[in-house]
Chemist: 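One structure follows; several queries about it will come next.
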Amino acid sequence: MIVRISGEDQYRLDDDAAERVNELERTVIALVDSGEEEGFAGAYTALLDYVRAQGERVGDEEIETSDLILPPSDLTFAEAGREFTGEGLIPD
Amino acid sequence: MAGLTGRMSTVVKAKVSKLLDRAEDPAETLDYSYQKQVEQLQNVKKGIADVVTAKKRLQMQETTLKQSVVKLDTQARQALSSGQEDLARTALERKNVAQTELQGLDTQVAELEEQQQKLTDSEQKLRAKIEAFRTKKEVIKAQYSAAEAQVKISEAATGVGEQMADVGLAMQRAVDKTENMKARADAVSELEAAGTFDDITALGSGEDDIDRQLKSLSSQSAVDDDLAKMRGEIGAGSASGAEAPVSPAGEIAAPSEHAPGEAAQTPPAEGGQS
């Protein structure tokens with residue numbers, strides 16, 4: 001599966017890694033849902049770090065569509081909250 | 001996948017398919033997509049130029065503020081040497097405000113530098129992808145039947161479209177940050193225009209409006225520390241110091257250089273405010 005970290009790169013990950021990515025993402029979502037800002041930055045960084053470490057970077061000249069697009073690494077807690085309520089991160 | 005990540009993919013796909021729907025003929029779709037991609041690349045270049053402009057403005061302000069800090073420090077020393085403590089305090093208050101602004105600017109220039117780097121990287125990635133698309137487009141035109149071509153085009157255009165959306169997002173974030181900094185730069189300009197960092201020799205007698213504002217802006221404890229330090233330095237430098245005597249605690253013993261109008265004041269108690 002191909003995962004993009006917005007503002008960085010696309011990574012090619014094994015399908016087994018998808019499970020762990022899911023798990024890490026659920027942790028982040030749970031924190032956002034319950035308004036726990038404290039653990040958010042650490043949990044989000046853990047997710048991105050996992051993708052960077054496990055994935056193989058997709059070359060710039062390769063054209064691939066991502067199965068998953070993760071928001072940028074400087075995502076704030078407030079922005080993460082807005083992601084769920086609908087404004088979205090990608091501008092029109 | 002739900003939540004955070006699924007939405008972004010959906011938005012990208014919707015945008016790209018809207019783009020592809022505009023043309024019926026595969027070859028036309030390809031050329032149109034490519035044209036849009038090249039346009040986007042131009043926008044990225046413009047975005048980078050805007051960030052650079054904002055950065056330059058902040059850097060110019062930094063230079064001005066640094067000069068003010070040096071100047072006001074010198075003036076404070078001169079004022080203190082000649083026993084004009086009130087004037088020295090005013091100069092140090094101004095210096096304090098200038099230094100605080102300077103620290104903020106440092107951080108912001110560094111942040112803009114980072115944005116510029118990110119956008120430059122994004123631009124290079126997008127350029128590489130567009131170039132790959134251009135090659136692929138000719139292959140698709142030459143080798144595939146109309147139906148197959150549609151599928152291939154959709155794949156390729158979605159891939160490049162995703163990169164474009166990503167650059168778009170990076171630009172939006174850079175623009176937002178730059179806007180915040182413009183507000184900050186404007187605030188510094190206003191302080192400058194109000195004479196906050198002006199030469200204290202241009203100051204009339206008594207406390208003017210700027211001084212009252214400065215007192216609220218500057219950290220009085222930092223100013224006190226600066227004053228004490230400066231007194232020590234001046235005292236150590238000139239053995240025949242005509243300055244007010246300094247107690248071991250660094251407090252000044254009943255300074256007598258008040259302006260005539262304030263002469264009726266009782267000797268200041270510790271931490272007394274004028």
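All chains are named by letter (A, B, ...) in the order of the sequence lines, taking the proteins before the strands, and each is independently numbered beginning at 1. Both backbone and side-chain heavy atoms feed into the values below; hydrogens, waters and symmetry mates do not.
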Chemist: So, does B/Arg173 use its side chain to make a donor-acceptor pair with the main chain of A/Gly7 at under 3.5 Å?
Modeler: no
Chemist: Assess the residue pair B/Lys136 and A/Glu61 against the criterion (salt bridge (Lys or Arg N to Asp or Glu O under 4.0 Å)); give the C-alpha distance rounded to whole Å, side-chain angles, the decisive distance to 0.1 Å, and a yes or no.
Modeler: CA-CA 11 Å; B/Lys136 204 164 184 166; A/Glu61 66 295 333; over 6 Å; no
Chemist: Can B/Glu155 and A/Thr65 be said to form a side-chain hydrogen bond (donor to acceptor under 3.5 Å, both in side chains), step by step?
Modeler: CA-CA 7 Å; B/Glu155 283 169 8; A/Thr65 308; over 6 Å; no
Chemist: Please classify the contact of A/Gln10 with chain B as side chain, backbone, both or neither, using a heavy-atom distance under 4.5 Å.
Modeler: side chain
Chemist: So what's closer than 4.5 Å to chain A heavy atoms on B/Lys118: side chain, backbone, both or neither?
Modeler: side chain
Chemist: Are more than 12 heavy atoms from other residues, nucleotides or ligands located less than 6.0 Å from atom CD of B/Glu39?
Modeler: yes
Chemist: Backbone N or O of A/Asp60 within a donor-acceptor pair of the B/Lys129 side chain at under 3.5 Å?
Modeler: yes
Chemist: Would you give the length of the straight line joining atom CG of B/Asp166 to atom CD1 of A/Ile69, rounded to the nearest 0.5 angstrom?
Modeler: 7.5 Å
Chemist: Taking all non-hydrogen atoms of both residues into account, name the closest pair between A/Pro72 and B/Leu169 and its distance.
Modeler: CD-CD2, 4.0 Å
Chemist: How close do B/Lys125 and A/Glu8 get, heavy atom to heavy atom, and via which atoms?
Modeler: NZ-O, 3.0 Å
Chemist: Examine whether an atom of A/Arg26 lies under 4.5 Å from a heavy atom of chain B, and if so say whether it belongs to the side chain, the backbone or both; otherwise answer neither.
Modeler: neither
Chemist: Are more than 12 heavy atoms, taken from residues, nucleotides or ligands other than B/Gln35, located less than 6.0 Å from that residue's CD atom?
Modeler: yes
Chemist: Heavy-atom count check: over 12 atoms from other residues, nucleotides or ligands less than 6.0 Å from B/Lys141 NZ?
Modeler: yes
